[in-house]
Amino acid sequence: MLSHLRVVEIGSSAATSYCARLFADFGANVHKVEPPAGDPIRRSAPLTPGGQSAWFAFLNYNKSSTVIDSAGPDAIARLTAIIEHCDILLDGRDVDPADCPTIDVAAIRQRCPGLIYLEASWFSHEGPYAGSLQRIRLSARSRASSS
């Protein structure tokens, strides 16, 4: 049904990965961009007897992937080129933006006005709850360490 669509997924948000999985299930060509160490979900339990994360396998079924080192000299150019050849960009950098090269989404959208940009964020990057994910992480860590 969606075989005419090219979707690029960046970041390591489970919500973004699941959204991309749904596009793939309906036939879209989904391409995941990962850091050299791989998506952190690759190491999440439960693990299969072969040592693969069942969660990662579920979220990334029917996708292809590319590794881009955010510290590499051509990282931004490579990622921008991949994005400029897609129809939909799924941005899940809210979870760990350090693993993904910085991109100028507004500039890319000016060059590619048909690009659909979806940002999956726990609490948005703007407004009263912006940054709440970090506060929740710190709160959970302090509770875990004080127990």
K.L.:
Report yes or no: do Lys32 and Ser17 form a side-chain donor-acceptor pair below 3.5 Å?
P.N.:
yes
K.L.:
Taking Ser53 for the side chain and Ile41 for the main chain, is one N or O donor matched with an acceptor at less than 3.5 Å?
P.N.:
yes
K.L.:
Give every residue pair that meets the salt bridge (Lys or Arg N to Asp or Glu O under 4.0 Å) criterion with at least one member in residues 46-68, sequence neighbours excluded.
P.N.:
Glu9-Lys63
K.L.:
If Ile, Leu, Val, Met, Phe, Trp and Tyr residues are connected whenever their side-chain heavy atoms lie under 4.5 Å apart, and connections chain through other members, are Ile108 and Ile10 in the same group?
P.N.:
yes
K.L.:
Check whether more than 12 heavy atoms from other residues, nucleotides or ligands sit under 6.0 Å from atom OH of Tyr117, and answer yes or no.
P.N.:
yes
K.L.:
Looking only at non-hydrogen atoms, find the nearest pair between Ile103 and Arg93 and report the distance.
P.N.:
CG1-NH1, 3.6 Å
K.L.:
Roughly how far, to the nearest 0.5 Å, is the CZ atom of Arg109 from the CG atom of Asp104?
P.N.:
11.5 Å
K.L.:
Hey, could you give me the CZ/OH distance between Phe23 and Tyr18, rounded to the nearest 0.5 Å?
P.N.:
12.5 Å
K.L.:
Let me check something: do Leu5 and Phe26 share a hydrophobic cluster, defined by ILVMFWY side-chain heavy atoms less than 4.5 Å apart, either directly or through other members?
P.N.:
yes
K.L.:
Hey, are the side chains of Ile68 and Asp74 touching, using non-hydrogen atoms and a 4.5 Å cut-off?
P.N.:
no
K.L.:
In terms of hydrophobic clustering (I, L, V, M, F, W, Y; side-chain heavy atoms under 4.5 Å; direct or indirect links), are Val8 and Ile88 co-clustered?
P.N.:
no
K.L.:
To the nearest 0.5 Å, tell me how far Ile116 CD1 sits from Cys86 SG.
P.N.:
9.5 Å
K.L.:
With side-chain contact (heavy atoms from CB on, under 4.5 Å) as the criterion, how do Ser64 and Val30 come out once you've worked through the C-alpha distance, each side chain's angles and the decisive distance to 0.1 Å?
P.N.:
CA-CA 6 Å; Ser64 60; Val30 179; over 6 Å; no
K.L.:
Is there a path of hydrophobic side-chain contacts, each under 4.5 Å between heavy atoms of I, L, V, M, F, W or Y residues, that connects Leu79 with Ile76?
P.N.:
no
K.L.:
Taking 4.0 angstrom as the limit, do Glu34 and Arg42 come out as a salt bridge?
P.N.:
yes
K.L.:
Quick one: do Leu2 and Leu118 end up in the same hydrophobic cluster if we chain Ile, Leu, Val, Met, Phe, Trp and Tyr together by side-chain heavy atoms under 4.5 Å apart?
P.N.:
yes
K.L.:
Look up atom CG in Leu59 and atom OG in Ser13, then write down how far apart they are to the nearest 0.5 Å.
P.N.:
9.5 Å
K.L.:
Could you check whether Ser65 and His31, counting side-chain N and O atoms only, form a donor-acceptor pair closer than 3.5 Å?
P.N.:
no
K.L.:
Strictly distance-based, threshold 3.5 Å: is any side-chain N or O of Arg78 a donor or acceptor partner for the main-chain N or O of Val67?
P.N.:
yes
K.L.:
Checking Arg43 against Phe56 for the side-chain contact (heavy atoms from CB on, under 4.5 Å) test, could you report, in this order, the C-alpha distance in whole Å, the side-chain angles of both residues, the deciding distance, and whether it holds?
P.N.:
CA-CA 8 Å; Arg43 297 174 288 284; Phe56 179 84; over 6 Å; no
K.L.:
Between Asp39 and Gly11, which heavy-atom pair has the shortest distance, and what is it?
P.N.:
OD2-O, 4.3 Å
K.L.:
Do Arg111 side-chain atoms and Glu84 backbone N/O form a donor-acceptor pair below 3.5 Å?
P.N.:
no
K.L.:
Go through it in stages, so that I can follow the logic: the residues are Asp25 and Tyr61, the test is side-chain contact (heavy atoms from CB on, under 4.5 Å), and I'd like the CA-CA distance, side-chain angles, deciding distance and then a yes or no.
P.N.:
CA-CA 8 Å; Asp25 285 349; Tyr61 184 74; 4.3 Å; yes
K.L.:
Give the C-alpha distance, both sets of side-chain angles, the deciding distance and a yes or no for side-chain contact (heavy atoms from CB on, under 4.5 Å) between Leu90 and Val7.
P.N.:
CA-CA 7 Å; Leu90 300 174; Val7 178; 3.7 Å; yes
